[in-house]
Number of protein chains: 2
Amino acid sequence: MIEPVKKQRRGEETKKKILAVALRLFAEKGFNKVTVDDIVKKSATSKGSFYQHFRSKSDIFLVRFTEVDNYYLEVYESFPENMDPIEKLSIFSQKLMNFLEVEMGKDLMKVIYNAALESKEHTYFLDSNRSLFKITRKLLEEAIEEDKIDSELSLDDVSTMITQSFMGSIYHWGLQNTDRSLESFSKPFVKTLLKGISKTT
Amino acid sequence: MIEPVKKQRRGEETKKKILAVALRLFAEKGFNKVTVDDIVKKSATSKGSFYQHFRSKSDIFLVRFTEVDNYYLEVYESFPENMDPIEKLSIFSQKLMNFLEVEMGKDLMKVIYNAALESKEHTYFLDSNRSLFKITRKLLEEAIEEDKIDSELSLDDVSTMITQSFMGSIYHWGLQNTDRSLESFSKPFVKTLLKGISKTT
DNA sequence: TATAGTATCAGACTACAGTCTAGTTTTTTG
DNA sequence: CAAAAAACTAGACTGTAGTCTGATACTATA
């Protein structure tokens, strides 16, 4: 055989086809208005293929959520060395929330928050939370090193609080039927929390 | 007719019967393991009756959640006049979280959080949140009156933050597969938030 | 190239929430 | 009290996510 690269499996093509059609349909009609049957019909595949490549209907939607991880890191690495870690945290949160709102959208976020609560196992959400967790911990470690954090609080405590404040803002925003932005929910919240965390001088 | 009271409608009996059986089954096997068919079979009623009296499967489960409202008020009214409103808030949160964990349980809370995110309309959750909202606002108004709150923050801001911190703690706890208590999630969080909210003297 | 093993695929089938319709019982009204 | 209206009930039916089974295509190996 001349071609050295293993011939791509049929499956990869099918998977891509399903994904493309599904994402288009979700964008057009919204997650709940699209059925798996629609997807396999429009992509000329079958249920068998669908569930060969994806664990569930929401799983396929969650694929988009993998982009978040990259974004986390990107933001993290963009900070100048000497920036105040508390400020880094604050900016990090705002960029994050903005990204989730603008790039992901409320519909996706709601599906993700639902799926995470329902599934016993792995979801991209929990994975990426782990990555988010790592970054906030790093930033917090810096802050502790510079003695900026109330010494009554452990790293775990603080890091958990940050996570919770993100979840709280997002969940609350997801409940809302208005156009009020996610950032407007999270900004004062995170700011106040960071103030509470900081060493009182 | 001698009896002055209107004869109770058949329906009331059926409703009670369904409710009793359903709650028992939920307690025995957990919400997701019980089907509506199970419930109507065990209660010797029918789908028609079930949906005549309840809007959905989760709706029936949510009935239990109405107790929360009473508890909110009870706690609120139990505070002595002259207590520091910030302390009231702190105690209120802890009692609330404890109640949700012990009396409602994680399973119910997860269903509620899911249902709220999915439904476009009314749920007991949103209703009772409104009531929770009122109480936290009252407590915050007291605090503002006594000039205990950072004057940069509006009543709305602060009240929203409190709500979000509850939601964040509960959601995060719901995600957890460990036995870690809800109170252990919310306590440091609320404490820190209240510190951030308070006027720095 | 024949054979065995594995990945992929089609679509019938299952499980279950929720809807619909037709019939029954109870209440109201004239 | 009879007729009409309303409340209630049974269970067949629908919609849809997800499972299962048995083909089919591809790959590796001899």
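Lettering follows sequence order; numbering is per chain, from 1.
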Can you tell me the distance, in whole Å, between the CD1 atom of A:I39 and the C1' atom of C:dA10? 17 Å

Take nucleotides 4-11 of chain D nucleotide by nucleotide from the 5' end and write B, S or -, depending on whether a protein heavy atom sits under 4.0 Å from the base, only from the sugar-phosphate, or from neither. ---SSBBB

Interatomic distance where CD belongs to B:E118 and C1' belongs to D:dA17 [whole Å]: 13 Å

Before accepting this row, confirm whether a basic side-chain N of the pair A:K195/B:E152 lies closer than 4.0 Å to the acidic partner's carboxylate O. no

Go through residues 23-37 of chain B and report each residue with a non-hydrogen atom lying under 4.0 Å from DNA chain C, sorted by number. B:V34, B:T35, B:V36

Cation-pi check, B:K57 onto B:F50 ring (under 6.0 Å, within 45° of axis): no

Where B:I86 and B:L194 come nearest, the two heavy atoms and their spacing: O-CD1, 3.9 Å

For the pair B:F31 and B:F61, name the ring-plane relationship: parallel under 30°, tilted 30 to 60°, perpendicular over 60°. parallel

Atom-pair distance (CD1 on A:I60; P on D:dA17), nearest Å: 12 Å

Find the distance A:Y51:OH to C:dT14:C1' and express it as a whole number of Å. 13 Å

Hey, would you say the B:F125 and B:Y113 ring centroids sit under 6.0 Å apart? yes

What's the shortest heavy-atom distance between B:P85 and B:K148, and which atoms? CD-NZ, 4.3 Å

In this structure, NZ of A:K88 is separated from CG of A:L140 (nearest 0.5 Å) by 11.5 Å

Please say whether the positively charged group of A:K15, taken as NZ for Lys or CZ for Arg, lies over the ring of A:F54, i.e. under 6.0 angstrom from the six-membered ring centre and within 45 degrees of the axis. yes

Could you check how far CZ of B:F50 sits from P of C:dG18, rounded to whole Å? 8 Å

From NZ of B:K57 over to C1' of C:dA15, roughly how many Å is that when rounded to an integer? 12 Å

Quickly work out the A:D38 CG to D:dG15 P distance and round it to whole Å. 12 Å

